[in-house]
Amino acid sequence: QPISALSVDDGRIEVGDEYASLSYWELLEDGRFNANATGTGTPKSPDRYRYVGSSVERIDLPGKFFGEPSYVQDMKLPGMVHARVVRAAASARLVEVDSSTVDGMTGLIGIVRDGSFLAVVAEREEQAISAAEALRVTASWEVVRELPTQDRIPNLLRDAPTESTVIHESGAAGDAAVATHAADYSRPHTAHGSISPSAAVALWDGSTLTVWSHAQGMFPLRQALARVTGLPENSVRCIHREASGCYGHNGADDAACDAALVAIALPGAPVRIQWSRQDEFRCEPFGPAMSVRIEAGTDDAGNVQRWDYQVWSPTHSTRPYYGGDTAGSLLASQEKSDSIPEFTGRNIPQPAGGADRNAVALYAFPQQRVVEHYVTERPLRVSALRGLGAFGNVFAIESFIDELAIAAGADPFEYRLRHMENDRARKVIEAVRGLAGSVPVGVEDRMSGRGIAFAQYKNLAAYFALVTDISIDPASGYVRLEKAYATMDAGQIISPDGCRNQIEGGIIQAASWTLKETVRNTADEITSVDWASYPILRFDEVPEIEIELIDRPELPILGVGEAAQGPTAAAIANAVTNATGVRLRDLPLTPERVAAALPPAA
């Protein structure tokens with residue numbers, strides 16, 4: 001039969017006759033799939049799609065809604081024991097510990113110590129927690145390095161050793177610029193704030209180490225664990241299990257290494273490691289702080305003629321990656337007596353970028369120069385957090401564009417469009433203006449404002465524009481995101497519901513980063529260790545969100561995830577300026593920071 005006569009339904013290739021069909025599995029039997037893909041086949045026409053472009057129900061949600069075992073934290077294996085690791089609150093070396101304090105404790109199985117790596121093992125989780133706390137009281141530590149407080153970070157980044165690279169240079173500066181504008185922006189270190197702290201289960205049977213983990217890369221984790229444990233790589237097996245609230249590089253890989261080391265000390269017993277909330281906040285790799293300086297030259301009409309952009313940031317990725325010697329990224333690898341040198345990270349190159357992700361503005365400026373100052377000595381332990389450098393870069397770029405629009409006396413939508421030649425970008429900006437309408441949400445007895453921001457994530461994924469309406473309590477400085485209007489062009493949309501979920505989640509999380517979140521610490525320890533000291537957006541603060549998707553089934557699929565993060569920060573900051581006339585350039589926009597910036601009441 002000619003290919004045009006064939007169709008596929010539920011994994012079966014059919015020729016029209018219901019009895020004349022073959023499954024993919026039957027074709028596999030004689031090795032017919034053992035061939036190179038040519039890429040010459042004709043894709044199915046969009047008008048024949050059954051599932052693409054429709055919102056299919058997720059089969060994983062009912063179990064999660066009703067508390068059925070769904071995550072690595074829920075795993076139970078026969079004979080499983082529970083372990084907890086005792087760590088200092090900051091970078092420190094274990095000097096001594098009085099283990100006699102836990103002698104005779106109910107359910108205690110043993111103590112595992114290797115250098116500064118210290119763990120207790122018990123029959124039940126609460127017993128392990130009690131033993132760990134008892135050891136923590138008697139442990140003494142030597143601080144290896146002091147921590148800089150967050151208020152010092154922007155200047156510290158600029159004064160630190162850097163590797164500077166011009167990542168983009170286009171056009172030539174002409175004579176049209178008659179005015180110069182400059183501004184500095186910053187974002188602090190932020191925590192992942194995962195809903196459930198990191199966990200892992202490991203089993204050493206004497207020949208194979210099996211680790212169940214919610215880390216994002218099983219093969220890189222396997223390679224790193226082999227290096228840390230000294231086992232051959234083919235003796236390590238890593239199995240992915242979902243976790244509650246895992247994204248970026250949080251404590252997942254570290255918990256997996258903790259579990260592996262304890263399991264090797266207890267052959268035959270499955271070992272479950274569960275970090276505490278305090279462990280997660282103290283020990284995870286944070287989202288990196290960033291500092292940005294922008295300078296622009298404008299003409300008589302306020303149009304940009306020259307754009308100079310500089311970003312200072314440490315690495316945005318210290319997670320293990322396959323093929324590199326990255327085992328030193330695992331916390332326990334540095335604590336063992338035969339420690340592995342710390343993996344200080346890598347600078348992800350363009351076009352995706354790490355610290356410089358979205359640092360190149362999509363606008364059509366006559367001249368644009370972008371310099372990345374890659375900070376080689378990171379102030380705190382850091383790694384990937386959603387969006388990487390895009391969050392800080394888009395916040396800075398779109399805030400500054402608004403500043404230029406205000407200086408030019410221009411409408412912020414019109415100002416963006418006059419500098420934008422990309423047709424798809426123009427359409428999402430125009431679409432969000434129409435979606436939001438002309439009447440912002442206002443709240444009685446509160447200052448109200450509206451902000452706009454745009455970005456194409458990574459300059460190669462989804463186009464995203466956002467309008468935010470905010471209100472401010474003039475007495476306290478508390479900013480509330482009242483409503484958000486979003487438009488997105490992601491090319492062909494596979495699942496509209498999934499796309500909306502990504503947008504809504506991105507806006508809510510980025511609003512939390514923008515308004516509340518920052519790591520807090522002293523020179524000796526991280527002090528933001530729970531939801532009181534590290535507050536996040538609460539359920540009653542979640543805004544109403546209206547979304548318009550621009551579906552282009554004839555065009556390639558563009559990535560949707562993380563497109564909303566950067567524009568959300570800028571749109572909120574621009575709305576605050578619209579409401580108050582005050583420009584805040586350092587995140588987060590906490591009530592204290594906003595109240596201090598407001599002019600005294602008349």
Side-chain angles (χ1 to χ4, degrees), residues 79-147 197-204 228-230 251 254-284 328 330-342 380-381 520-530 533:
M80 188 170 74
V81 298
H82 298 264
R84 287 275 168 144
V85 178
V86 180
R87 287 191 165 99
S91 177
R93 182 181 65 86
L94 179 60
V95 178
E96 60 180 356
V97 61
D98 181 5
S99 59
S100 66
T101 57
V102 299
D103 289 346
M105 290 188 72
T106 302
L108 182 70
I109 294 172
I111 297 172
V112 178
R113 181 180 177 184
D114 183 354
S116 293
F117 180 78
L118 178 65
V120 293
V121 189
E123 296 172 0
R124 297 173 57 88
E125 185 178 19
E126 74 275 12
Q127 296 165 344
I129 293 171
S130 296
E133 288 307 310
L135 283 184
R136 194 185 306 277
V137 171
T138 67
S140 60
W141 306 84
E142 178 187 6
V143 175
V144 175
R145 65 183 180 196
E146 290 190 348
L147 307 177
S198 298
V201 176
L203 172 63
W204 168 241
V228 174
T229 60
D254 297 313
C257 187
D258 292 347
L261 292 178
V262 177
I264 287 176
L266 278 80
V271 176
R272 178 183 182 272
I273 283 278
Q274 170 76 62
W275 278 17
S276 68
R277 174 62 59 198
Q278 290 73 23
D279 291 337
E280 190 78 33
F281 274 122
R282 288 185 183 123
C283 301
E284 66 146 79
L330 303 175
L331 205 53
S333 75
Q334 302 158 39
E335 297 169 333
K336 295 177 67 205
S337 55
D338 57 340
S339 62
I340 296 173
E342 182 180 10
L380 298 177
R381 186 179 186 230
R520 293 178 173 84
N521 63 276
T522 63
D524 299 324
E525 62 180 345
I526 304 297
T527 57
S528 48
V529 296
D530 51 32
S533 52

| request: With side chain to side chain contact (heavy atoms under 4.5 Å, CB included) as the test, would you mind laying out the steps for V85 and I273 before giving the verdict? | output: CA-CA 8 Å; V85 178; I273 283 278; 4.0 Å; yes
| request: May I have the step-by-step check of side chain to side chain contact (heavy atoms under 4.5 Å, CB included) for R87 and D258, ending in yes or no? | output: CA-CA 11 Å; R87 287 191 165 99; D258 292 347; 2.7 Å; yes
With no hydrogens and no angle check, is any side-chain donor or acceptor of [X] less than 3.5 Å from a backbone partner on [Y]?
{"X": "S533", "Y": "V529", "answer": "yes"}
{"X": "K336", "Y": "T229", "answer": "no"}
{"X": "R381", "Y": "C283", "answer": "yes"}
{"X": "R272", "Y": "Q274", "answer": "no"}

Could you pull out the closest heavy-atom pair between [X] and [Y], with the gap in Å?
{"X": "A128", "Y": "V120", "answer": "O-CG2, 3.4 Å"}
{"X": "S337", "Y": "D114", "answer": "OG-OD1, 2.7 Å"}
{"X": "G251", "Y": "E284", "answer": "N-CB, 4.3 Å"}
{"X": "L261", "Y": "A332", "answer": "CD1-CB, 3.6 Å"}
{"X": "W275", "Y": "P197", "answer": "O-CB, 3.2 Å"}
{"X": "V271", "Y": "A263", "answer": "CG2-CA, 3.7 Å"}

Any side-chain heavy atom of [X] within less than 4.5 Å of one from [Y]?
{"X": "V121", "Y": "H82", "answer": "no"}
{"X": "V137", "Y": "T101", "answer": "no"}
{"X": "L147", "Y": "D524", "answer": "no"}

Between atom [atom1] of [X] and atom [atom2] of [Y], what is the distance when rounded to the nearest 0.5 Å?
{"X": "D530", "Y": "E280", "atom1": "CG", "atom2": "CD", "value": "13.5 Å"}
{"X": "R124", "Y": "S130", "atom1": "CZ", "atom2": "OG", "value": "11.0 Å"}
{"X": "Q334", "Y": "D254", "atom1": "CD", "atom2": "CG", "value": "8.5 Å"}
{"X": "F117", "Y": "S333", "atom1": "CZ", "atom2": "OG", "value": "11.0 Å"}
{"X": "Q127", "Y": "L108", "atom1": "CD", "atom2": "CG", "value": "8.5 Å"}
{"X": "R113", "Y": "L118", "atom1": "CZ", "atom2": "CG", "value": "7.0 Å"}

| request: Examine the side chains of S100 and D103 and answer whether a donor and an acceptor come within less than 3.5 Å of each other. | output: no
| request: In sequence, state the C-alpha distance, the side-chain angles, and the governing distance for I111 and L135, and then conclude on side chain to side chain contact (heavy atoms under 4.5 Å, CB included). | output: CA-CA 10 Å; I111 297 172; L135 283 184; 4.3 Å; yes
| request: Report the C-alpha distance between R84 and E125 in whole Å, list the side-chain angles of each, state the deciding distance to 0.1 Å, and finish with yes or no for salt bridge (Lys or Arg N to Asp or Glu O under 4.0 Å). | output: CA-CA 8 Å; R84 287 275 168 144; E125 185 178 19; 2.9 Å; yes
| message | Does T527 form a side chain to side chain donor-acceptor pair (under 3.5 Å) with N521? I'd like the steps, not just the answer. | response | CA-CA 5 Å; T527 57; N521 63 276; over 6 Å; no
| message | If you count every heavy atom of other residues, nucleotides or ligands that lies below 6.0 Å from Q278 atom CD, does the total exceed 12? | response | yes
| request: Begin with the C-alpha distance, continue with both residues' side-chain angles, and end with the deciding distance and a verdict on side chain to side chain contact (heavy atoms under 4.5 Å, CB included) for I340 and V228. | output: CA-CA 8 Å; I340 296 173; V228 174; 3.9 Å; yes
